[in-house]
**Student:** 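Below you will find the structure I want to go over with you.
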Amino acid sequence: MSILQTLKSRFASALSSLSDDTGPLLEMIRSSQDPKFGDFQANCAMPLGKRLGKSPREIAAEIVENLDVSDFCETPEIAGPGFINLRLKDDWIAERVSSIAGDDRLGVTPAAKPRHVVVDFSSPNVAKPMHVGHLRSSVIGDAICRTLRFAGHKVTSDNHIGDWGTQFGMIIYGYRNFVDAAAYSRDQVAELARLYKLVNQLSDYHAAKAGLPELRLQLDQRQQELDQLTSDSEPADKKAKKKLKAQRKAVEETRSSIESAEAKVAHVDTDAPLAAQANEHPDIARLARQETSKLHAGDEQNQQLWDEFLPACLAALDQIYSRLDVRFDLALGESYYNPMLADVVSDLRAKGLATDSDGAACVFIEGNNAPFIVQKTDGAYTYATTDLATIQYRLDELHADEIVYVVDKRQSEHFSLLFKTCELWGFGDVKCQHVSFGTVMGDDGKPFKTRSGDNVELGSLIDEAIARARSVVDENDDRREQPALTPDGRARVAQIVGTGGIKYADLHHNRDSDYVFDWDKMLATTGDTATYMQYAYARICGIFRELNVDRQKIASGKTTVLLTCPEERALALQLTQFDYAVDAVLADYRPNQLTSWLFDTAGKFSVFYAHCSVKKAESPELQQSRLILCDLMARALSTGLSLLGIETADVM
RNA sequence: GCACCUGUAGCUCAACUGGAUAGAGCACCGGACUACGAAUCCGGAGGUUGUAGGUUCGAAUCCUACCAGGUGUACCA
């Protein structure tokens with residue numbers, strides 16, 4: 001039983017005479033924020049005071065009177081308004097950490113009721129290079145999978161690849177009209193990506209050009225309305241003020257839409273060959289969409305092209321995943337569900353959930369203005385339809401207990417509609433959760449792009465991370481009297497530090513936050529970074545090398561830990577709480593709970609390292625004890641980091 | 001217009017979902033290597049948690065209003 005569970009059960013009996021409903025009160029037992037208040041604190045006396053009409057301190061005294069924790073705690077102290085502070089006995093911590101030192105699961109007991117969780121993440125579109133948004137989904141999703149598995153759950157990681165959407169029509173159209181045969185045979189994926197981008201650009205060009213007159217008209221109109229508002233003397237009441245502000249904003253918005261449309265048009269117009277292509281393909285957007293519907297309708301030629309394009313696109317994705325060490329159990333793309341879509345819609349219609357509106361089949365959910373469109377006017381299905389079919393499949397075929405979607409938070413409305421539709425549809429017994437994450441921003445506060453406005457490709461991002469890591473590795477190793485690494489070793493460390501840095505930078509933020517992408521921060525080797533922990537790990541390995549001790553023997557032998565100073569005690573106590581960190585991650589799928597535990601732990605180790613020499617320990621017993629702590633620490637780091645998909649190296 | 005989200009140190013972010021004096025890391029200033037690895041450690045400075053009210057023993061967290069910003073909003077995924 002964990003420390004917290006033990007405490008809770010003791011408090012449950014101490015509280016039973018004071019309250020009928022002890023559950024919420026027991027939730028108020030937690031580890032202390034400040035070590036000077038002890039190791040754990042119970043805050044339940046305060047709310048009880050109100051309820052029982054006594055002073056909270058009196059209640060606290062009664063609780064302490066009833067409480068029997070003397071076997072593992074010092075005498076409880078009552079502080080402030082009625083906090084009960086608990087300090088664990090040193091020998092009890094020593095015993096606890098000794099037992100964890102002999103446990104390869106580091107004190108984490110496997111889930112009592114394992115669930116089958118399908119984790120849906122990454123979900124890139126083929127032929128569109130992956131970017132930092134996919135990085136977040138991939139890294140967070142992978143960490144969730146690893147942590148769930150470690151906790152004893154069954155996990156199916158599924159990459160819901162976008163291989164059936166509108167972009168495929170664009171590629172097909174591009175291939176038919178603009179393919180560069182030499183480039184295509186040289187690098188198929190790169191050429192397809194170029195074609196996608198080209199068709200997209202030309203479509204945008206025509207759309208922007210066509211929309212400009214309307215936009216300019218709108219601007220004039222809005223400007224006039226604004227002038228009218230401002231001429232009506234000073235805005236008298238708040239409402240008028242608000243209206244004025246909204247109007248100003250509307251004018252600004254229209255103006256920036258015009259600017260962006262003009263930029264798109266100018267970009268093509270100033271590029272003669274591009275402009276010529278644009279002129280030759282005035283109806284490109286519609287024709288590209290037509291290719292998509294032909295594909296969906298079973299057109300043989302388009303299907304052939306699809307079959308030809310897909311393998312290379314998937315291989316390109318796999319290459320990235322292998323560099324990131326992200327694995328999927330399934331990669332059923334959207335195309336996989338195509339045969340099921342018609343049935344989904346007809347079933348929804350039969351159940352009266354889907355109705356026609358403006359020619360599209362829609363599910364209307366009470367309280368939401370936007371409909372959930374399951375079939376478009378032209379008969380094509382949408383990603384809503386696919387998502388429904390996917391849930392059905394995961395329930396009927398995979399027998400999932402829970403489905404987790406690691407997707408950008410901007411899609412929260414879609415998922416809210418999806419889950420509600422599902423419930424009405426009769427698939428309410430699976431727990432669906434949208435694990436949302438924020439946007440990666442550039443230093444201008446806008447979504448992270450390259451200077452030319454393109455998404456930053458994931459492959460080049462990884463390259464850059466490893467290259468930067470390499471220069472740090474070189475610099476450090478060159479500074480030594482005798483380099484500790486071979487060139488191959490350096491490359492290996494650079495790979496571990498570089499990719500670890502990228503992942504950690506993402507994971508240590510609260511996933512819901514938008515965060516600013518910054519190379520220097522991402523690959524900083526100081527502070528709250530993967531490197532800090534990887535370095536701590538390498539230092540421990542250094543101790544074992546220095547003393548010529550086999551770590552295997554330490555872990556498998558008799559593990560008796562002595563706590564002789566505050567630094568040892570703090571580290572030992574921290575190491576007994578790995579299970580909380582794992583629980584905290586899984587409670588709401590927040591990997592940053594684990595990163596902060598790891599950082600705290602590594603920090604406590606660094607203090608221990610500075611104060612408590614293993615090599616010069618006062619006695620052989622103490623040296624043995626410290627070796628045990630070091631080994632446990634190393635395993636905590638490597639295990640904890642591995643749950644985040646981050647590797648460690650013995651030498652760096 | 002409607003809906004949702006955010007506002008915390010100069011910067012980037014935490015805060016165990018209502019607990020004690022709001023914490024880290026960068027950056028800044030000052031210390032510690034004849035070394036179990038300085039990719040480290042120790043110390044300093046830095047805050048009216050957007051503003052104003054309210055709820056209560058107790059508020060960054062809950063409620064109300066305002067201010068500032070973001071996102072989504074019918075056939076892209």
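Bear in mind that the values here come from a model prediction, so they are computed numbers and not experimental data. The sequence lines fix the lettering, A, B, ..., with proteins before strands; numbering per chain opens at 1.
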**Student:** At under 4.0 Å between heavy atoms, what does A:N368 touch on the DNA or RNA strands: base, sugar-phosphate, or nothing?
**Tutor:** nothing

**Student:** Check whether any side-chain nitrogen or oxygen of A:R479 sits under 4.0 Å from OP1 or OP2 of B:A38, and answer yes or no.
**Tutor:** no

**Student:** Verify the stacking flag for A:F37 against B:A20: centroid separation must be under 5.5 angstrom and the ring planes must differ by under 30 degrees.
**Tutor:** yes

**Student:** Quick one: the side chain of A:K36 and the base of B:U21, do they pair up donor-acceptor inside 3.5 Å?
**Tutor:** yes

**Student:** Would you please confirm or rule out a distance under 4.0 Å between OP1 or OP2 of B:C41 and any side-chain N or O of A:S606?
**Tutor:** yes

**Student:** Tell me what A:N200 touches on the nucleic acid: a base, only sugar-phosphate, or nothing, going by heavy atoms under 4.0 Å.
**Tutor:** nothing

**Student:** Apply side chain to side chain contact (heavy atoms under 4.5 Å, CB included) to A:T385 and A:Q375, showing your working.
**Tutor:** CA-CA 7 Å; A:T385 333; A:Q375 190 170 20; 5.8 Å; no

**Student:** Would you check if the side chain of A:Q577 reaches a backbone N or O of A:Q574 as a donor-acceptor pair within less than 3.5 Å?
**Tutor:** no

**Student:** Tell me whether B:C4 sits syn or anti, counting syn as a glycosidic angle within 90° of 0.
**Tutor:** anti

**Student:** So A:C541, base contact, sugar-phosphate only, or nothing? Heavy-atom distance under 4.0 Å.
**Tutor:** nothing

**Student:** Is NZ or CZ of A:R511 both nearer than 6.0 Å to the six-membered ring centre of A:Y589 and within 45° of the ring axis?
**Tutor:** no

**Student:** Say we look at B:G23 and B:C16: how far apart would their P atoms be, to the nearest angstrom?
**Tutor:** 13 Å

**Student:** Taking ring pair (Phe, Tyr, Trp, His ring centres under 6.0 Å) as the criterion, tell me which of A:F121, A:Y383, A:Y405, A:Y337 meets it with A:H160.
**Tutor:** A:Y337

**Student:** What's A:V607 touching, base or sugar-phosphate or nothing? Going by heavy atoms closer than 4.0 Å.
**Tutor:** sugar-phosphate

**Student:** Can you tell me how far P in B:C41 sits from the matching atom in B:U12, rounded to whole Å?
**Tutor:** 24 Å

**Student:** State whether the aromatic ring of A:F83 stacks on the base of B:G19, taking stacking to mean ring centres under 5.5 Å apart and ring planes under 30° to each other.
**Tutor:** no

**Student:** Please check the phosphate of B:A38 (OP1 and OP2 only) for any side-chain N or O of A:N476 closer than 4.0 Å.
**Tutor:** no

**Student:** Suppose we define a pair by two distances each less than 3.5 Å, Watson-Crick or G-U wobble; what does B:U34 pair with here?
**Tutor:** none

**Student:** Show the numbers, then the answer: is there a side chain to side chain contact (heavy atoms under 4.5 Å, CB included) between A:V374 and A:V344?
**Tutor:** CA-CA 9 Å; A:V374 292; A:V344 169; 5.8 Å; no

**Student:** Need one value for A:Q167: base, sugar-phosphate or nothing, where a base atom within 4.0 Å counts as base even if backbone is also close, heavy atoms only.
**Tutor:** nothing

**Student:** Provide the Watson-Crick or G-U wobble partner of B:A14, both distances under 3.5 Å; none if there is no partner.
**Tutor:** none

**Student:** Think A:Y532 has a side-chain N or O under 4.0 angstrom from the OP1 or OP2 of B:C41?
**Tutor:** yes

**Student:** Would you kindly give the CD-to-C1' distance between A:Q623 and B:C36, to the nearest whole Å?
**Tutor:** 9 Å

**Student:** Taking a pair as Watson-Crick or G-U wobble with both distances under 3.5 Å, which nucleotide is matched to B:A68?
**Tutor:** B:U6

**Student:** Could you say whether A:C44 or A:L547 is positioned toward the 5' end of RNA chain B, judged by the nucleotide with the nearest heavy atom to each?
**Tutor:** A:C44

**Student:** Does B:G43 have a Watson-Crick or wobble mate here (both distances under 3.5 Å), and if so which one?
**Tutor:** B:C29

**Student:** Side-chain donor or acceptor of A:D477 under 3.5 Å from a matching atom on the base of B:A39?
**Tutor:** no

**Student:** Between C1' on B:U17 and CD on A:Q33, what's the gap in Å once rounded to a whole number?
**Tutor:** 12 Å

**Student:** What nucleic acid atoms does A:A380 come within less than 4.0 Å of, heavy atoms only: base, sugar-phosphate, or nothing?
**Tutor:** nothing

**Student:** Please classify the nucleic acid contact of A:A584 as base, sugar-phosphate, or nothing, using heavy-atom distances under 4.0 Å.
**Tutor:** nothing

**Student:** Could you tell me whether A:P371 contacts a base, only the sugar-phosphate backbone, or nothing, with contacts defined as non-hydrogen atoms closer than 4.0 Å?
**Tutor:** base

**Student:** Side-chain N or O of A:S32 less than 4.0 angstrom from OP1 or OP2 on B:C16?
**Tutor:** no

**Student:** With both distances under 3.5 angstrom, what nucleotide forms a Watson-Crick or G-U wobble pair with B:G1?
**Tutor:** B:U73

**Student:** For B:U71, is chi within 90° of 0 (syn) or not (anti)?
**Tutor:** anti

**Student:** Got a second to check how far A:L86's CG is from A:E77's CD, nearest 0.5 Å?
**Tutor:** 9.5 Å

**Student:** Is the shortest side-chain N/O distance from A:R410 to OP1 or OP2 of B:C4 below 4.0 Å?
**Tutor:** no

**Student:** Is A:S357 side chain donor-acceptor paired with the B:A74 base, going by distance under 3.5 Å alone?
**Tutor:** yes

**Student:** A:V651 or A:Y383: which one's nearest nucleotide on RNA chain B is closer to the 5' end?
**Tutor:** A:V651

**Student:** Taking any strand in view, what nucleotide pairs with B:A59 in a Watson-Crick or G-U wobble way, both distances under 3.5 Å?
**Tutor:** none

**Student:** Return the value, rounded to whole Å, for the distance between atom CZ of A:F605 and atom P of B:C36.
**Tutor:** 13 Å

**Student:** A:S335 pairs by side chain to side chain contact (heavy atoms under 4.5 Å, CB included) with which of A:D163, A:L295, A:V126?
**Tutor:** A:D163

**Student:** Roughly, in whole Å, what's the span from CG in A:L598 to C1' in B:G25?
**Tutor:** 16 Å

**Student:** Taking the P atom in each of B:C57 and B:A45, what is the distance between them to the nearest angstrom?
**Tutor:** 36 Å

